[in-house]
Protein chains: 2
Amino acid sequence: MTTHSRRAYEEIRRLILVREIPSDEPISERGLSERLGLGRTPIREALKDLERDGLIEVSPRRGTFVRRLSLADLRDIYEVRMGLEGIAAFLAAARGPTSQLLSFEEKFEKLLDDPSSELLTIQKLGWDFHDAIYEAAGNRELLRLNTGLRNQIGLTMELPRHHDHDRVRATVAEHLKILRAIKAMDPEGAQRAIYQHLSNALSAGAQIFSKFE
Amino acid sequence: MTTHSRRAYEEIRRLILVREIPSDEPISERGLSERLGLGRTPIREALKDLERDGLIEVSPRRGTFVRRLSLADLRDIYEVRMGLEGIAAFLAAARGPTSQLLSFEEKFEKLLDDPSSELLTIQKLGWDFHDAIYEAAGNRELLRLNTGLRNQIGLTMELPRHHDHDRVRATVAEHLKILRAIKAMDPEGAQRAIYQHLSNALSAGAQIFSKFE
DNA sequence: GTCATACCATTGGTATACCAGTAAGGCTAA
DNA sequence: TTAGCCTTACTGGTATACCAATGGTATGAC
């Protein structure tokens, strides 16, 4: 059985990412409690987790707000990703690729050949690829920390359907480069490749971001 | 005012690290509630945080237990540290050392000259140095993630006063190497140095650990 | 009109009663 | 004696009543 807390977490998270809960308006525990038809306790537990994941900020006695990410926050998050995914790629390369990871090679190559493919599909595949790297690292702590980061990034990425066409395509090539380094069991190379990739992604993200401010 | 939840967190954490709460016995929320003279709510909040920090494990309706780290867990934690502290050192080197960080150079050199110094003092200084690197990276997310890891490591480190004399001394030289790379604004070098350092620390830790199993 | 103040609605923090699930120990039947 | 069920005590999960602090607003003095 899934607990109420868990369901509350999922639902509130969804409401935030879909922007049904605006970032400038306080959300009260009682309001959510009523809205979701649950007591305050599971709501509080969910909010606690969301705060830990960096999705909301609680100001005691003032209110709870959806976190509004600054450009600096975005940079911070990406730097952390470099650290975490860098070591993940390093480890994955050191122990050799999983079969799951290898299965991405063909898909990426197909995407490069076929320029008509859906941007969303590509993007989804990219996320899966990143997760697969974490998996291949064989480190449970790493896996645990990944989740929180993913949610935070979602906070910035859902907002616009501002896909930069060229950028999305470029990522495929970058992913392929990472994958090949892991396949070649070249830890440093894999790490370098993912650093480069995330650095590029941050630049692109920052550009989109600044258009919104 | 510091909230009850906060105080509960600190106190329970202390009780765990000092091993006043054994790892094989369940600890109940009600027991802690009574012991600390607080309601169950702040206790639950504290336990939630402790679980998040990897210090305890909650089995619904069975009990809450102090987490018992396996050697694999220890390795996982150190690998995460490599990721996080690696990028921290990288960033610190890229932006140049803080004055706080530089102040460690003299202290380390003094320690190398004076072989009579207290092992505990050296060790404490080492922890402070690692924290200073995080600070120097200028990244708040990194700082946040550091805390959780520190607690987990405490879980393994408090246990024995099993200081390996030679190992502790060796760390000073390794710290100095890291510091100098940051000072020279050599990101890759700093990262390499900290990888090496943590890798050595893990080996030493694993050795002590295995003696206990 | 403006500023100070006192009140009040609303927030998160806390304590606690109650619920549901678990497992261990004793009791019963073979 | 032993296998198996069933009671019971205890766990964490949930709902909710109450508390203290905050900030907006209405009111009244100037």
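A note on names: the letters A, B, ... follow the listed sequences, proteins ahead of strands, and every chain is numbered from 1. Remember, it's a predicted structure, so these values are computed and weren't measured experimentally.
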Closest-nucleotide 5' rank along DNA chain C - winner of B/P60 and B/T41: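 First, find each residue's nearest nucleotide; the 5'-ward one identifies B/T41.
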Donor + acceptor pair across side chains of B/Y9, B/D53 (<3.5 Å):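 A pair is found: one side chain offers a donor N or O, the other an acceptor, under 3.5 Å apart.
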Check side-chain hydrogen bond (donor to acceptor under 3.5 Å, both in side chains) between [X] and all other residues, then give those that pass, not counting sequence neighbours.
| X | answer |
| --- | --- |
| A/E188 | none |
| B/Q196 | B/N200 |
| B/R75 | none |
| B/K107 | none |

Ring geometry between B/H175 and B/F129 (parallel below 30°, tilted from 30 to 60°, perpendicular above 60°):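 Plane angle between 30° and 60°, so tilted.
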Scan nucleotides 5-7 of chain D against the protein and return all N/O pairs shorter than 3.5 Å with their distances rounded to 0.1 Å.
none

Nearest-neighbour nucleotide for the B/R61 side chain, C/dC18, C/dA20, C/dG12 considered: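 Minimum distance to the B/R61 side chain belongs to C/dA20.
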Among C/dT16, C/dT14, D/dA15, the one nearest A/H4 by side-chain distance: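 Selected nucleotide (nearest to the side chain): D/dA15.
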Members of residues 26-38 of chain B that approach DNA chain D, where some heavy atom sits under 4.0 Å away: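 Listed by number, they are B/I27, B/S28, B/E29, B/R30.
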B/D73 bridged to B/R68 by N-O distance under 4.0 Å: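 So B/D73 does not pair with B/R68 through a salt bridge.
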A/P42 to A/A8 - nearest heavy-atom pair and separation: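 Answer, listing the atom of A/P42 first, then A/A8: O-CB, 4.1 Å.
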